[in-house]
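Counting from 1, the numbers follow the sequence of the chain as shown.
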Amino acid sequence: MAMLLEELISGMQTLQVTGRTDVQVTGVEIDSRRIVPGAMFVAMRGTVTDGHQFIPKALELGATSIVCEQMPEQLAEGVTYIQVKDSEDVVGRIATRFFGDPTSKLELVGVTGTNGKTTIATLLYNMFRKFGYKCGLLSTVCNYIDGEPIEADHTTPDPITLNRLLGRMADEGCKYAFMECSSHAIAQKRIGGLKFAGGIFTNLTRDHLDYHKTVENYLKAKKAFFDSLGKDAFVVTNLDDKNGLVMTQNTRAKVTTYSLRSMSDFKGRILEMGFEGMMLEVNGIESFMRFIGRFNASNLLAVFGTAVNLGKDPLEVLTVMSTLVPVNGRFDAIRSPKGFTAIVDYAHTPDAIVNVLSSIHEVLQGKGQVITVVGAGGNRDKGKRPIMAQESVKSSDRVIITSDNPRFEEPQDIINDMLAGLKPEDMDKVISIVDRKEAIRTACLLAREGDVILVAGKGHENYQDVKGVKHHFDDHEVIREAFGI
């Protein structure tokens, strides 16, 4: 794949261009280590490192064009330098153009919000494949090009990786692509240049304040996605969230709504619920779904509304939805031979903890105890740690506070931050065990017939991130071993 430099930067606002533009560009990269001869290197100012310091490395590996905000003091011979005001602002559009504008060839739907993104994107991907279409998926758990898995590093990849993946999807005949759009990705313009057929808003609660600093900034990042949608696009927004209509205030897209509480375009009502699933009424039609909890009922309404907006027949959509199963690590129920149940869930925000625990209580109806194993990630928003402990204690009979992914922090320091949110009387039902495996085993020893153990925070992850090293660790495996199954 190659493209003329002048075509690649045509129409782009530049401060100055030094060098020839009638040369072929063989690739576009923001990681200097991936440069091949003839490639363009885009120097980005990141939150940790400044890409400008890697320009010499890119030149060493054969880059022949450099996009930068600040011109180097010495310009290399035979290299074209394109100075721009904001590299972050142009990289998405450059990538989109280089990879052949993939979103003009497929229908891309973006999902944003604090919780539910992975479930909704994955269910849509699975559903449309069951309809017989080739589809792509870009998610926290894994990226897929039709049935082929491509490992995911971030919820939303960088613009180059993103467009390369979307380009492959288009080349391989995918008609639809479903994508999680994180607040970081929107704020950092990683999705710049992409054309979305539709957007979904799930909910907005406290998360990523280590990056956004305030809830208002976090909201603005999410809202920017809907502001950018075209008039041919659609929005499916959650009326049960106070920010549902705030998100769509300035969008040009067609707005549709979903709700479990109010009149809406896609109205749901839970009729019955158990650990096997729920009977859900959607727009007057009853269907059994293999999902548990109000938050999952809400996710299913978003899936239903999106499929209908994409032109599918409502009855056909509900028929396929009834065959879908939960996403790995999202309310996974594991039954013990001794008659109690463990739930593995990715819940890692206060609101997600509340949702999962309230769903467990809806099913239990006071007939069993709830034991919660919970931790918080290191080098992330510290403000949510005490709140997560408070919410866990509020809705559990026993709480074991343990490690999540400590990253570069000391696990005990994170646990202390969580314990700081608790009152002296709360401590009667709280213990802390630094070793996550030991914490899960202890919960299994405490459980009796009819009880439920919630193991929160890691869900689908099969590793624990300690001091920059990912050690194999899977909550499911530890539980099955403790259960002897």
Side-chain angles (χ1 to χ4, degrees), residues 1-12 24-31 34 36 39-40 42 44 67 87-112 117 121-122 124-126 128-129 131-140 142-182 185-186 188-200 225 228-234 253 306 309-311:
M1 183 181 283
M3 190 177 195
L4 265 181
L5 177 57
E6 59 193 4
E7 288 176 24
L8 195 54
I9 63 170
S10 171
M12 193 170 88
Q24 292 284 340
V25 175
T26 58
V28 178
E29 298 292 351
I30 59 171
D31 184 340
R34 298 183 65 172
V36 295
M40 169 188 279
V42 184
M44 308 269 287
V67 174
S87 300
E88 207 171 64
D89 205 35
V90 300
V91 66
R93 281 173 284 166
I94 290 172
T96 294
R97 197 170 286 182
F98 183 80
F99 290 103
D101 194 8
T103 50
S104 65
K105 299 166 193 165
L106 44 77
E107 293 197 59
L108 176 64
V109 176
V111 192
T112 197
K117 296 187 294 294
T122 306
L124 282 164
Y125 164 78
N126 289 333
F128 275 78
R129 289 191 78 211
F131 283 141
Y133 299 103
K134 284 190 169 186
C135 299
L137 174 67
L138 295 145
S139 90
T140 305
C142 192
N143 300 318
Y144 284 91
I145 298 174
D146 205 28
E148 182 194 346
I150 314 281
E151 196 174 334
D153 289 333
H154 297 90
T155 299
T156 313
D158 68 77
I160 312 294
T161 306
L162 187 52
N163 280 279
R164 189 182 283 119
L165 282 168
L166 288 166
R168 276 192 59 195
M169 289 173 192
D171 291 346
E172 293 182 29
C174 291
K175 179 168 171 55
Y176 298 99
F178 303 100
M179 171 183 171
E180 292 184 52
C181 298
S182 69
I186 299 163
Q188 293 167 7
K189 301 170 189 167
R190 281 186 235 159
I191 56 176
L194 302 183
K195 178 178 180 283
F196 286 87
I200 304 164
F225 170 63
S228 70
L229 293 175
K231 64 181 190 315
D232 298 332
F234 65 84
T306 303
N309 268 297
L310 288 169

Can you tell me how far the CD1 atom of Ile150 sits from the CD1 atom of Ile145, to the nearest 0.5 Å? 4.5 Å
Could you give the distance from CG (Asp158) to CG (Asp31), rounded to the nearest 0.5 Å? 8.5 Å
Atom pair OG1/CG of Thr306 and Leu124 - distance to nearest 0.5 Å: 5.0 Å
What is the distance from atom NZ of Lys195 to atom CD of Glu107, rounded to the nearest 0.5 Å? 7.5 Å
The side-chain contact (heavy atoms from CB on, under 4.5 Å) partner of Pro102 among Leu166, Leu108, Leu194 is Leu166
Within the side chain of Thr26, is there an N or O that forms a donor-acceptor pair under 3.5 Å with the backbone of Ala39? yes
What are the two closest heavy atoms between Ala95 and Ile160, and how far apart are they? CB-CD1, 4.0 Å
If you count heavy atoms of other groups shown closer than 6.0 angstrom to CZ of Arg34, is the number above 12? no
Are the side chains of Asn163 and Val28 in touch, meaning some heavy atoms are under 4.5 Å apart? no
Keeping the roles fixed (side chain from Thr112, backbone from Cys181), state whether a donor-acceptor pair exists under 3.5 Å. yes
Quick one: pull up CZ in Phe234 and CG in Asn309 and give me the separation to the nearest 0.5 Å. 5.0 Å
Does the side chain of Leu310 reach to within under 4.5 Å of the side chain of Val109, using non-hydrogen atoms? yes
Below 4.5 Å, heavy atoms only, C-beta onward: do Lys175 and Lys134 meet side chain to side chain? no
For a 4.5 angstrom cut-off between non-hydrogen side-chain atoms, does Met3 reach Arg97? yes
Between Ile191 and Met179, is any pair of side-chain heavy atoms under 4.5 Å apart? yes
Give the intermediate values and the outcome of side-chain contact (heavy atoms from CB on, under 4.5 Å) for residues Asn143 and Thr161. CA-CA 11 Å; Asn143 300 318; Thr161 306; 6.0 Å; no
Evaluate Val90 against Arg93 for side-chain contact (heavy atoms from CB on, under 4.5 Å), listing each step before the verdict. CA-CA 5 Å; Val90 300; Arg93 281 173 284 166; 4.0 Å; yes
Could you tell me which non-hydrogen atom of Phe178 sits nearest to which non-hydrogen atom of Cys135, and how far apart they are? CE1-SG, 4.3 Å
Within the 4.5 Å heavy-atom criterion, are Leu8 and Phe98 side-chain neighbours or not? yes
Closest approach of Ala121 to Glu180 (non-hydrogen atoms, all atoms of both residues): CB-CG, 4.2 Å
Looking only at heavy atoms, what is the nearest atom pair of Val25 and Gly27, with distance? CG1-O, 3.2 Å
Could you go through Met1 and Phe99, starting from their C-alpha distance and side-chain angles, then the distance that decides it, and tell me whether this counts as side-chain contact (heavy atoms from CB on, under 4.5 Å)? CA-CA 8 Å; Met1 183 181 283; Phe99 290 103; 3.8 Å; yes
For the residue pair Met169 and Ala177, what are the closest heavy atoms and their distance? SD-CB, 4.0 Å
For Gly110 and Phe196, which heavy atoms make the closest approach, and how far apart are they? N-CD2, 3.6 Å
Excluding sequence neighbours, so at least two apart, what forms side chain to side chain contact (heavy atoms under 4.5 Å, CB included) with Asp171? none
Roughly how far apart are Gln24 CD and Leu4 CG, rounded to 0.5 Å? 4.5 Å
How would you list, by chain and number, every residue that makes a ring pair (Phe, Tyr, Trp, His ring centres under 6.0 Å) with Tyr176, sequence neighbours excluded? Phe128, Tyr133
Report yes if the side chains of Val67 and Val91 come closer than 4.5 Å at any heavy-atom pair, otherwise no. no
Are the side chains of Met40 and Val42 in contact, using a 4.5 Å heavy-atom criterion? yes
